Amino acid sequence: MTGQVLFDSHVAILLDTAVSLVNVLTDGGDRGKPYAAPKGGALPGAIRAVLPGGVPVSPEEALYLAGTTLKVRRVFEAMDEGREDDAAAVVNALVISTGARPQLDRAPGEPWQVHFHGADDSLAVGWSAGIASALTLAIGSDLGGRLGVCQARQCDRVYVDASRNGVRQFCSRSCQSRTKAAAFRARTAARHSAG
């Protein structure tokens, strides 16, 4: 996330990871082109590439995280559409199903930091619990409106808006540029046909 920091570093990492998982593991549109998410044997490697640290992911863990990711997409879509109650219901169900809990952790030489853990220490449950907790903090604050879905044509990738003014509408600069170029072409065509 660039610009003004809105979330603490641990929550920002969890939200960034949620965005990456949703954008890699869900079908849809990506920057104007159809996107098919990895399936089957490709799933563990795709998740490993997204998770910080590049830790190995078993097929079972990959399936669990893929299921979590579908729910997280629903949260982003609900928040983008102003359906906070629906988003909260999905997040609350994730918190309960993962046994999400805060815990103070400290790396050697570092200060204590709030981290989130699941009912067990497995990779899939731990990441799912952490993401659920980060979404809880976002939606439970005035920052829930920062969860968005790209408004560009043929793109439904998600993002967390970390801009100062909170008016981001696109997942990337390329989608923003594509949209602006299309609007310019439409205005130019309209002027030519009117003239």
Side-chain angles (χ1 to χ4, degrees), residues 1-2 12-83 86-91 93-95 97-98 118 122-135 138-139 144-163 168-183 185-186:
M1 295 191 317
T2 59
I13 289 167
L14 291 167
L15 290 173
D16 286 347
T17 302
V19 165
S20 296
L21 286 169
V22 169
N23 289 343
V24 169
L25 300 181
T26 60
D27 294 334
D30 184 9
R31 298 180 182 141
K33 298 177 184 172
Y35 177 79
K39 306 274 190 264
L43 196 54
I47 293 172
R48 180 180 183 163
V50 168
L51 294 181
V55 295
V57 179
S58 73
E60 296 78 20
E61 291 169 328
L63 287 174
Y64 188 99
L65 281 167
T68 296
T69 300
L70 293 175
K71 295 170 187 165
V72 172
R73 173 173 273 291
R74 289 179 26 218
V75 172
F76 274 84
E77 290 170 346
M79 290 303 294
D80 191 66
E81 295 166 4
R83 296 181 293 112
D86 294 341
V90 173
V91 171
L94 271 172
V95 167
S97 70
T98 61
S122 70
L123 177 113
V125 173
W127 273 103
S128 295
I131 288 169
S133 298
L135 290 169
I139 294 170
R146 301 283 184 145
L147 307 177
V149 178
C150 188
Q151 299 300 303
R153 191 164 173 251
Q154 296 180 325
C155 188
D156 63 357
R157 303 298 87 183
V158 301
Y159 60 86
V160 174
D161 182 357
S163 68
R168 182 173 171 183
Q169 295 180 317
F170 304 101
C171 69
S172 64
R173 289 184 193 254
S174 64
C175 277
Q176 182 178 15
S177 296
R178 272 188 322 105
T179 301
K180 285 183 177 183
R185 286 192 301 272

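Bear in mind the structure is a predicted one, so any value in this text is a computation, not a measurement.
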Can you give me the closest heavy-atom contact between C155 and G32, atom names plus distance?
CB-N, 4.3 Å

State, yes or no, whether a side-chain contact exists between V19 and V72 at a heavy-atom distance under 4.5 Å.
no

Nearest heavy-atom neighbours spanning A87 and I139:
CB-CD1, 4.0 Å

Electrostatic pair D86:R74 at N-O distance under 4.0 angstrom:
no

On a heavy-atom basis, which atom in G29 and which in D156 lie closest, and how many Å separate them?
O-OD1, 2.8 Å

Can you check whether N23's main-chain N or O pairs, donor with acceptor, with R157's side chain at less than 3.5 Å?
yes

Looking at every heavy atom in both V50 and S20, which two are closest together, and how far apart are they?
CG1-CB, 3.3 Å

For R48, check side-chain hydrogen bond (donor to acceptor under 3.5 Å, both in side chains) against everything at least two apart and list the hits.
none

Working to the nearest 0.5 Å, report the span between NZ of K71 and CG of L94.
5.5 Å

Result block: side-chain N/O donor-acceptor pairs under 3.5 angstrom for residues 147-154, not counting sequence neighbours:
residue : atom : partner : partner atom : Å
Q151    : NE2  : D80     : OD2          : 3.2
Q151    : NE2  : V149    : O            : 2.7

So, Y64 side chain and S128 main chain: donor-acceptor pair closer than 3.5 Å or not?
no

Could you check if a side-chain atom of T98 sits within less than 4.5 angstrom of a side-chain atom of T68, using non-hydrogen atoms only?
no

Set of side chain to side chain contact (heavy atoms under 4.5 Å, CB included) partners for T69, sequence neighbours left out:
L21, V22, L25, T26

Stepwise, does the side chain to side chain contact (heavy atoms under 4.5 Å, CB included) test hold for Q169 with C175?
CA-CA 9 Å; Q169 295 180 317; C175 277; over 6 Å; no

Close side-chain approach of L43 to L65, heavy-atom, < 4.5 Å
no

If you take all heavy atoms of P52 and I13, which pair is closest and at what distance?
CG-CG2, 4.2 Å

Tell me, do L15 and Y159 make a side-chain contact under 4.5 Å, heavy atoms counted?
no

Inter-residue atom distance T17.OG1 - I47.CD1, 0.5 Å rounding
12.0 Å

Please name the pair of heavy atoms, one in L14 and one in A134, separated by the smallest distance, quoted to 0.1 Å.
CB-CB, 3.7 Å

Taken to the nearest 0.5 Å, the spacing of S122 OG from E60 CD works out to 11.0 Å

